[in-house]
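Naming: A, B, ... by sequence-line order, numbering from 1 per chain.
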Number of protein chains: 2
Amino acid sequence: MATTTKRDTAERSAELERYADMFSAMGTAARLRILQLLLTAHPDGLVVGELAAELDIPNSTLSHHLDKLKHEGLVLVSREGTFLRYTANTEALQALLGFLYAECCTRNKVVEPKRMLACCK
Amino acid sequence: MATTTKRDTAERSAELERYADMFSAMGTAARLRILQLLLTAHPDGLVVGELAAELDIPNSTLSHHLDKLKHEGLVLVSREGTFLRYTANTEALQALLGFLYAECCTRNKVVEPKRMLACCK
DNA sequence: GCCATATTTCTACAAATACAGAAATACAGG
DNA sequence: CCTGTATTTCTGTATTTGTAGAAATATGGC
């Protein structure tokens, strides 16, 4: 019989916390919109100035949002001279989608999870 | 050619806001755990006392979290005498999953979205 | 080294959120 | 109607979050 060790539980709750933080990072219209724009521009991504042009929010606010998205691993950054280019982190998004799918559907036993595994890049 | 009217844009941003609120509602470990428990118990759901027994948080705090989840449409409530029974709102979760899938994958053109439509109940 | 541009950090503040003890409400049963 | 149990609302506080102006930093070109 499979025993659930204290470490298992700790890991599981740490994982839960991580996903909660990711959901939280997507929990405002501004940041969700940023992600949308980056996904639309994927895999090239966008530099901050391009995002700013679309979003009509002050640079400092935008920077703050980008920092949060970066901190939760939802976007990646690379420098191009003076510019910083942000791209959506498809791996993280795939993980999040997979988690949601597993929680929502696997436990519900409506669709087998295999179908999701190939999702995203 | 399809023109994008002002109303289209307003609707789209209202929708975005709604999904952002949903993500926000799942943006803490406590509420994500509540959803997990409800999904595990789906379709029966759980009464508040059962949730309280699992979660080890004060009733008032739990009630507050449940209220937020209810407000964002992620759970449904029904009264059973003295008890209130909460269930996961699979329709809302399916919509959220579909949104995330569409944003993450359709734009990315990796997997066709048809595969998701039958997901959840 | 200096200048111009891109982006972030600093700082501050208002608003939202998490939390929880205590009181209030809702219901079932006697 | 009174009692006990279930759950929420009330209340207050501490923390986090969103926002943004101003200053600072980073980079490339002259």
Problem - Side-chain heavy atoms of A/L93 within contact of A/L74, under 4.5 Å - result: yes

Practice task
Please tell me if the side chains of B/Y86 and B/L46 come closer than 4.5 Å, counting only heavy atoms from C-beta onward.
Solution key: no

Ignoring hydrogens and angles, write down the donor-acceptor pairs under 3.5 Å from the side chains of residues 22-35 of chain B, residues two or more places apart or on other chains.
residue: B/T28; atom: OG1; partner: B/R31; partner atom: N; Å: 3.3
residue: B/R31; atom: NE; partner: B/A25; partner atom: O; Å: 2.6
residue: B/R31; atom: NH1; partner: B/H65; partner atom: ND1; Å: 3.1
residue: B/R31; atom: NH2; partner: B/S24; partner atom: O; Å: 3.4
residue: B/R33; atom: NH1; partner: B/Q36; partner atom: OE1; Å: 2.9

Fill in the blank from the handout: Distance col, row B/L69:CG vs B/H64:NE2, nearest 0.5 angstrom, shows 10.5 Å

Practice task
Give me the residues of residues 72-86 of chain B where at least one heavy atom lies under 4.0 Å from an atom of DNA chain D, by number, or none.
Solution key: B/T82, B/F83, B/L84, B/Y86

Handout entry: Under 4.0 Å protein heavy-atom contacts per nucleotide of nucleotides 13-20 of chain C, with B for base, S for backbone only and - for none
Key = ----SSSB

Fill in the blank from the handout: Residues joined to B/F83 in its hydrophobic cluster, side chain to side chain under 4.5 Å directly or through other members, sorted by chain and number, are B/V47

Practice task
Indicate yes or no: does B/K70 engage B/D67 in a salt bridge with an N to O separation below 4.0 Å.
Solution key: yes

Handout entry: A/L66 vs A/V77 side-chain heavy atoms within contact, under 4.5 Å
Key = no

Handout entry: Along DNA chain D, first and last positions that approach a heavy atom of chain A under 4.0 Å
Key = D/dT17 to D/dG28

Practice task
List, by chain and number, the other hydrophobic cluster members for B/L76, where Ile, Leu, Val, Met, Phe, Trp and Tyr join if side-chain heavy atoms come within less than 4.5 Å, directly or indirectly.
Solution key: none

Exercise for the section: Answer yes or no: is there a side-chain heavy-atom contact under 4.5 Å between B/L51 and B/L38? Expected result: yes

Completion exercise
To the nearest 0.5 Å, atom CD of A/Q94 lies from atom CG of B/L100 at 11.5 Å

